[in-house]
Number of protein chains: 2
Amino acid sequence: MKPKTAAAQVGRPRGFDVDEALDRALRLFWRQGYEGTSLSDLTEQLGINRPSLYAAFGNKESLFRKALDRYVERHLVLYRDAFDRPTARAAVEHLLLGLADAQTLPREPKGCITVQGALVSGADAAPIQGELAARRAAGEQALRERIEQGQREGDVPAHVDCADLARYFTTVSQGMAVQAATGASREDLRRVARTSLLAWPPA
Amino acid sequence: MKPKTAAAQVGRPRGFDVDEALDRALRLFWRQGYEGTSLSDLTEQLGINRPSLYAAFGNKESLFRKALDRYVERHLVLYRDAFDRPTARAAVEHLLLGLADAQTLPREPKGCITVQGALVSGADAAPIQGELAARRAAGEQALRERIEQGQREGDVPAHVDCADLARYFTTVSQGMAVQAATGASREDLRRVARTSLLAWPPA
DNA sequence: CTACATCTATACCAATCGGTACACATCCCG
DNA sequence: CGGGATGTGTACCGATTGGTATAGATGTAG
């Protein structure tokens, strides 16, 4: 058996930066959706020709998944920051306002790729559609657990149904993504987020 | 110049019902989105071959628009019913609960075609994307005007920003569409709707 | 019946889709 | 200088895309 520290640099080196290429692919999928982005769009925008793209990332579907991973990874710090707040309500407020910002970043596509990447699709894109649905469900589940933690710690009233509350705020954040994709401003979204918080259950 | 009451029945009659074909097309676009629905999907599902479809409805884009018109027309009665309620708050409540039902009809695709028909897209579908955005904006505008009416009539506090409130509830309804497309139940959506109403501005 | 208008069916179009074969270029190792 | 491993570029693949030409089928009008 050969050593696992395989030769790092053998053969002709890559002519492009893998991470930057992934970022560009992410932006394309984000702005046009999975089905709306063609291989020609990708090769043109990444400045890479087709065989290089396939050698580096596999097929279109696996390229999307790799780009999506980067996207989700960046959002994890937002969730972590938010959930570190002392109360569930503060966590939700931080999360929603943070999402309002993330969905209206100046030089990035507007909205959220987990919503607009493949909300519905034809049969070919069904696996991607399912993957995105699973990511959204994971976010909702994480939020629910944070609210349940608040309930255990006493800052959320005992009578509250945490699953319902998590679903409500998740729904608001997904609606914000639709609004962002349609051109709503960051301030618009932040107002929506703050209004939604008025529904927080009173003590 | 020939009389405008053109011969109604001359030549070989149609072998299919136009309205039923439009309904089937609507369901396809609704479930798979504009880009995710191919001409082959359509001809197969409608039981019509290609030239007949083009003769009756024009190209794919105009077929989508005709199907969309039927969809929107059906929702107009919901909006009318809701807006006839005596107060703005009752109107919004009726509207949101009605949308929860409309997005989870038993034998229909889940969600809302104005959201999932083409939330984002490639360049070809940009006109459809814009059309759907315009329809969503029209719904938000109508809701805003109903809330403003409530403000004039005194059932909405004078300090309330009606545009903000309309945007908030529109955002909730669009988030509900995302949830519905992902498989949320009617009861789930109704609970979300009722929770969102807790944010209604107190008198 | 014939003449005409309309719809249907088959078969096709150029363009694009996602994906790949293959020759060549460029690196490290010896 | 090879030799082997890897990446790049061109040119291509079969399948599918949206859309149409054309011939035949089926109706009304005279």
Side-chain angles (χ1 to χ4, degrees), chain A residues 2-3 5-22 25 28-29 32-67 118 121-129, chain B residues 2-22 25 28-29 32-67 117-118 121-129:
Chain A
K2 293 303 172 72
T5 58
Q9 180 88 347
V10 134
R12 179 171 175 176
R14 271 217 179 79
F16 61 96
D17 182 79
V18 172
D19 287 340
E20 185 187 328
L22 272 180
L28 261 179
F29 284 129
Q32 307 189 345
Y34 179 74
E35 285 181 329
T37 305
S38 70
L39 262 294
S40 301
D41 288 339
L42 289 163
T43 54
E44 180 187 348
Q45 197 64 31
L46 310 202
I48 302 171
N49 38 26
R50 227 166 267 229
S52 298
L53 192 150
Y54 273 81
F57 306 111
N59 60 11
K60 184 186 176 185
E61 180 175 331
S62 102
L63 169 60
F64 181 90
R65 294 188 131 98
K66 286 178 168 56
S121 73
D124 329 329
I128 294 298
Q129 187 185 339
Chain B
K2 292 304 171 74
K4 298 208 167 181
T5 58
Q9 180 87 348
V10 134
R12 179 173 175 175
R14 269 216 179 82
F16 62 94
D17 183 78
V18 172
D19 287 341
E20 185 186 326
L22 272 181
L28 262 179
F29 284 130
Q32 307 190 347
Y34 179 74
E35 285 180 328
T37 305
S38 70
L39 261 297
S40 301
D41 289 338
L42 289 162
T43 55
E44 180 187 348
Q45 197 65 30
L46 311 202
I48 301 171
N49 38 28
R50 227 166 265 228
S52 298
L53 193 150
Y54 273 80
F57 306 111
N59 61 10
K60 183 186 177 186
E61 179 175 331
S62 102
L63 170 59
F64 181 90
R65 294 188 131 98
K66 287 178 169 56
S121 73
D124 330 328
I128 293 298
Q129 188 185 339

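Numbered from 1 within each chain, the chains take letters A, B, ... in sequence-line order. Everything quoted here is computed from the prediction, not taken from an experiment.
Atom OH of A/Tyr34 sits about 8.5 Å away from atom CZ of A/Arg65, to the nearest 0.5 Å. A/Phe64 CZ to A/Ile128 CD1: the interatomic distance, rounded to the nearest 0.5 Å, is 5.5 Å. Distance check: A/Glu35 CD to A/Asp124 CG gives 7.0 Å after rounding to the nearest 0.5 Å. Distance check: B/Asp41 CG to B/Gln32 CD gives 5.0 Å after rounding to the nearest 0.5 Å.
The side chain of A/Arg12 contributes no N or O atom lying less than 4.0 Å from OP1 or OP2 of C/dA25.
D/dT8 atom P lies 10 Å from atom CZ of A/Phe57, rounded to whole Å. When rounded to the nearest whole Å, the span between CZ of A/Arg14 and P of D/dT6 equals 11 Å. Between B/Glu61 atom CD and D/dT17 atom P there is a gap of 18 Å when expressed in whole angstrom units. Residue B/Asp124 contributes atom CG, which lies 11 Å from atom C1' of C/dA15 at whole-angstrom precision.
For DNA chain C, the neighbouring residues in residues 36-44 of chain A, judged by any heavy atom under 4.0 Å, are A/Thr37, A/Ser38, A/Leu39, A/Ser40. Contacts between residues 45-54 of chain A and DNA chain C, defined by a heavy-atom separation under 4.0 Å, are made by A/Arg50, A/Pro51, A/Tyr54.
Residue contacts for B/Asn59: at a heavy-atom cut-off of 4.0 Å it reaches the sugar-phosphate backbone alone, with no base atom in range.
Shown here for A/Ser121 and A/Ala126, the closest heavy-atom pair between the two residues is OG-N, 3.7 Å. Nearest heavy-atom pair across A/Gln129 and A/Ala118 is CG-O, 3.3 Å.
Nearer to the 5' terminus of DNA chain C, by closest-nucleotide assignment, is the contact made by B/Gly11 (compared with the other of B/Gly11 and B/Phe16).
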With side chain to side chain contact (heavy atoms under 4.5 Å, CB included) as the test, would you mind laying out the steps for B/Leu46 and B/Leu22 before giving the verdict? CA-CA 8 Å; B/Leu46 311 202; B/Leu22 272 181; over 6 Å; no
Table please: side-chain donor-acceptor pairs of residues 50-58 of chain B below 3.5 Å, with sequence neighbours left out.
{"from": "B/Arg50", "atom 1": "NH2", "to": "B/Ser40", "atom 2": "OG", "distance (Å)": "3.0"}
{"from": "B/Ser52", "atom 1": "OG", "to": "B/Asn49", "atom 2": "OD1", "distance (Å)": "3.1"}

